[in-house]
Amino acid sequence: MGKGNGDSNYTMNPPEEQDHTPSNSSKVKVLEVQEPEQVDESHRLLPSKLRSTDNSEKIEQEDVEESAYESQEKILILDFKLDSTSSTDFSSVPPFSFKKLWLFTGPGFLMSIAFLDPGNLEGDLQAGAIAGYSLLWLLMWATVMGLLIQLLSVRVGVVTGRHLSELCREEYPDWARLLLWFMAELALIGADIQEVIGSAIAIKILSRGVIPLWTGVLITASDCFMFLLLENYGVRKLEAVFAVLIATMGLSFAWMFADTKPSGKELLIGLLVPKISSRTIRQAVGVVGCVIMPHNVFLHSALVQSRKIDPDKKGEVQEAINYYAIESSVALLVSFMINLFVTTVFAKGFYGSKQADSIGLVNAGQYLQEKYGGGLFPILYIWGIGLLAAGQSSTITGTYAGQFIMGGFLNLRLKKSLRALITRSCAILPTIVVALVFNKSEASLDLLNEWLNVLQSMQIPFALIPLLTLVSKEQVMGVFKIGPAFERTAWTVAGLVIVINGYLLLDFFLSEVNGLLFGFLVCAGTAAYVAFIVYLISHSRSKLSNWLNQLISKGNSYAGH
């Protein structure tokens with residue numbers, strides 16, 4: 001089969017069909033029309049509904065449907081046929097290349113920002129202060145679970161050429177789609193409030209209290225325009241900025257780690273010996289809950305589309321999945337090390353102290369300063385720089401995620417600048433209100449953070465269940481659907497995360513809900529919440545769904561008798 005001008009994403013028509021090629025073929029992918037007996041097995045990877053072999057239909061589809069990146073925005077990977085494999089063997093994966101790994105590097109590091117946002121840092125410092133080194137093993141395995149979920153998100157994005165919110169739009173009826181979109185937006189707003197407040201706290205620290213919290217919120221809100229400016233310079237420039245921000249976090253928290261000199265022996269025991277107590281159960285649940293961010297599952301499936309991959313070529317798709325798996329693993333290893341630094345610093349400084357139960361994001365810097373003093377560079381400002389890098393990077397990725405979530409679920413054909421402005425406004429207006437209302441005391445901000453953690457924990461099933469449903473479906477994934485063993489593992493991990501967060505929600509509501517009316521509203525909301533989760537699981541047609549349906553049928557039969 002002939003190939004075009006060296007671009008692996010385009011399959012040109014044979015000579016006798018060249019007159020029918022559209023003049024703007026450089027912007028529209030044109031697939032070859034062949035007789036059934038001519039179609040190679042490698043072109044039957046995805047179901048026909050995800051591929052279009054009719055030129056006019058393809059053009060119409062691109063005009064109508066939302067896309068994560070335009071064709072001209074995508075990064076060109078080395079031409080497939082230039083590899084050592086045969087140019088006609090599209091099912092073979094080329095040998096490993098560090099040059100290609102570099103070209104694929106970027107999306108995983110943008111994704112890893114969600115593991116380093118201010119909400120995560122607060123969970124880290126509280127785990128260290130209250131539980132010492134004892135929860136480091138849980139932090140490590142929670143990161144591994146997070147990596148598994150993100151790799152499934154990558155798989156969906158690469159194989160289908162579409163991101164999770166777009167696929168949800170087709171998979172579910174309108175009422176369920178809109179409800180999933182609403183839940184995703186709630187999770188995003190909750191995360192953004194934490195991130196913006198975290199940045200505002202850092203600005204207040206670095207300005208020595210001159211800039212109040214609400215002004216810091218407005219300053220952080222303006223990063224939307226910086227993000228839009230960076231986007232105009234291309235994907236790689238944007239990824240480079242995030243690399244600088246992650247390096248800033250790594251350097252800041254590593255400096256704190258070196259300054260405080262935590263115990264290497266206790267650190268190693270904490271990593272290798274699982275240990276948990278009734279006193280630290282809430283911190284343990286918080287460590288797991290902070291790792292899985294609902295909006296991040298949607299984001300990663302869109303970010304991987306910034307590279308030009310032909311979903312009709314098995315070898316090219318598998319190669320992209322392999323490189324993204326390596327890149328994501330390295331990115332989450334870096335994020336794990338940064339989280340480890342924060343946890344151990346506060347474990348060394350505050351475990352068993354009277355400040356342990358009262359420490360939070362607002363007062364952490366001051367406590368560090370009182371404990372460790374100035375030194376070569378005051379530790380308060382090292383903490384402030386790291387926190388600012390975490391807050392700024394996570395707010396920009398939040399804006400990015402908001403674009404994909406809104407565009408995918410609603411199929412909006414808006415300019416990216418307008419969509420980013422709408423997304424940013426949805427999150428920043430509640431944040432300004434929150435900053436003004438909760439800026440009365442440190443305790444009120446800590447309470448706010450607890451409620452925001454609960455809000456995000458509640459949304460986790462509405463990202464994980466659709467992801468597992470889609471990645472297990474042959475109609476969506478073709479030959480790349482996950483196997484039975486992998487499917488069982490993924491559902492087990494998802495179930496574990498949902499149960500752990502369910503415990504957190506139950507514990508929180510039992511301690512916070514007072515009054516008959518409020519209690520009734522919470523019970524009614526919980527019933528609706530559980531019913532929607534049951535619907536999503538039933539819709540998945542997985543083994544868990546079959547078991548659940550059998551359980552419901554037995555319950556109905558007993559009720560009938």
Side-chain angles (χ1 to χ4, degrees), residues 105-128 135-136 138-140 142-147 149-150 153 187-188 190-202 205 220 223 227 238-257 286-297 299-300 303 327-346 360-361 364-365 382-401 449 452-453 456:
T105 298
F109 283 91
L110 266 69
M111 169 274 298
S112 72
I113 294 294
F115 289 70
L116 298 168
D117 71 357
N120 276 285
L121 298 183
E122 182 158 26
D124 292 337
L125 66 89
Q126 289 175 343
L135 295 181
L136 292 179
L138 189 60
L139 174 63
M140 179 177 69
T143 305
V144 171
M145 287 194 295
L147 175 62
I149 298 299
Q150 296 304 145
S153 178
L188 186 61
D192 208 28
I193 290 174
Q194 284 183 316
E195 291 154 3
V196 172
I197 293 289
S199 288
I201 291 170
I205 290 172
T220 306
D223 67 15
F227 160 72
L238 185 65
E239 291 170 351
V241 170
F242 280 99
V244 170
L245 291 170
I246 292 172
T248 302
M249 277 185 273
L251 182 61
S252 298
F253 298 132
W255 191 334
M256 286 172 51
F257 181 85
V287 166
V288 178
C290 286
V291 166
I292 308 296
M293 303 290 282
H295 72 272
N296 208 37
V297 178
L299 173 65
H300 204 186
L303 291 174
E327 184 239 4
S328 298
S329 300
V330 173
L332 288 193
L333 176 61
V334 172
S335 74
F336 168 70
M337 292 304 299
I338 293 174
N339 286 317
L340 180 77
F341 290 151
V342 175
T343 303
T344 51
V345 163
F346 285 88
L361 206 60
I382 299 172
W383 166 254
I385 291 169
L387 182 59
L388 182 63
Q392 287 294 320
S393 56
S394 55
T395 50
I396 298 175
T397 53
T399 302
Y400 221 14
N449 190 62
L452 291 175
N453 283 336
Q456 292 173 78

>> Please check: side-chain N/O of Asn339 versus main-chain N/O of Leu139, any donor-acceptor pairing under 3.5 Å?
In response: no
Centroid-centroid distance, Phe253 to Phe341, less than 6.0 Å: no
All heavy atoms of Leu332 vs all of Thr143, minimum pair found to be O-CG2, 3.8 Å
(Q) Can a donor-acceptor pair be found, under 3.5 Å and without considering hydrogens, that links the side chain of Ser394 to the backbone of Gly391? (A) yes
Does Met111 reach the side chain of Asn296, with side-chain heavy atoms less than 4.5 Å apart? yes
Shortest non-hydrogen pair, Ser329 vs Leu147, comes out as OG-CD2, 3.7 Å
Under 3.5 Å, is there a donor-acceptor pair between the side chain of Ser153 and the main chain of Val297?
yes
Taking every heavy atom of Leu116 against every heavy atom of Ala390, the minimum-distance pair comes out as O-CB, 3.3 Å
message: Less than 4.5 Å apart, side chain to side chain, heavy atoms only: is that true for Met249 and Ile113?
response: yes
How about Phe109 and Val330: do any of their side-chain heavy atoms sit closer than 4.5 Å? yes
Checking the side chain of Glu327 only, and the main-chain atoms of Gly106 only, is there a donor and an acceptor separated by less than 3.5 Å?
yes
Output for pair (Ile205 CD1, Ile382 CD1), nearest 0.5 Å, gives 12.0 Å
Taken to the nearest 0.5 Å, the spacing of Phe242 CZ from Thr397 OG1 works out to 5.5 Å
Here the gap from Glu239 atom CD to Leu303 atom CG, rounded to the nearest 0.5 Å, amounts to 8.0 Å
Ser335 and Phe115 have their tightest heavy-atom pair at OG-CB, 3.9 Å
| message | Quick one, Ser112 and Gln150 - any side-chain contact, counting heavy atoms below 4.5 Å? | response | no
*asked:* Let's go through Asp124 and Val345 carefully: what are the C-alpha distance in whole Å and the side-chain angles of both, what is the deciding distance for side-chain contact (heavy atoms from CB on, under 4.5 Å) to 0.1 Å, and is it a yes or a no?
replied: CA-CA 10 Å; Asp124 292 337; Val345 163; over 6 Å; no
Point to revise | CA sep, side-chain torsions, deciding dist, call: Tyr400, Leu238, side-chain contact (heavy atoms from CB on, under 4.5 Å) | key: CA-CA 11 Å; Tyr400 221 14; Leu238 185 65; 3.8 Å; yes
Check: Taking side chain as C-beta onward, heavy atoms only, is Leu387 less than 4.5 Å from Leu361?
Finding: yes
Note to self: If we ignore hydrogens and angles and just use 3.5 Å, is the side chain of Ser393 paired with the main-chain N or O of Leu245 as donor and acceptor?
What the structure shows: no
Taken to the nearest 0.5 Å, the spacing of Gln194 CD from Glu122 CD works out to 7.5 Å
Scanning both residues in full, the closest heavy-atom pair of Leu188 with Ala401 reads CD1-CB, 4.3 Å
d(Ile197 CD1, Asp192 CG) to nearest 0.5 Å is 10.0 Å
Taken to the nearest 0.5 Å, the spacing of Leu340 CG from Leu333 CG works out to 10.5 Å
Should the ring pair Phe346 and Trp383 be called parallel, tilted or perpendicular, given that the plane angle runs from 0 to 90° and is split at 30 and 60? perpendicular
Nearest heavy-atom approach of Met293 to Ala114 is CG-O, 3.7 Å
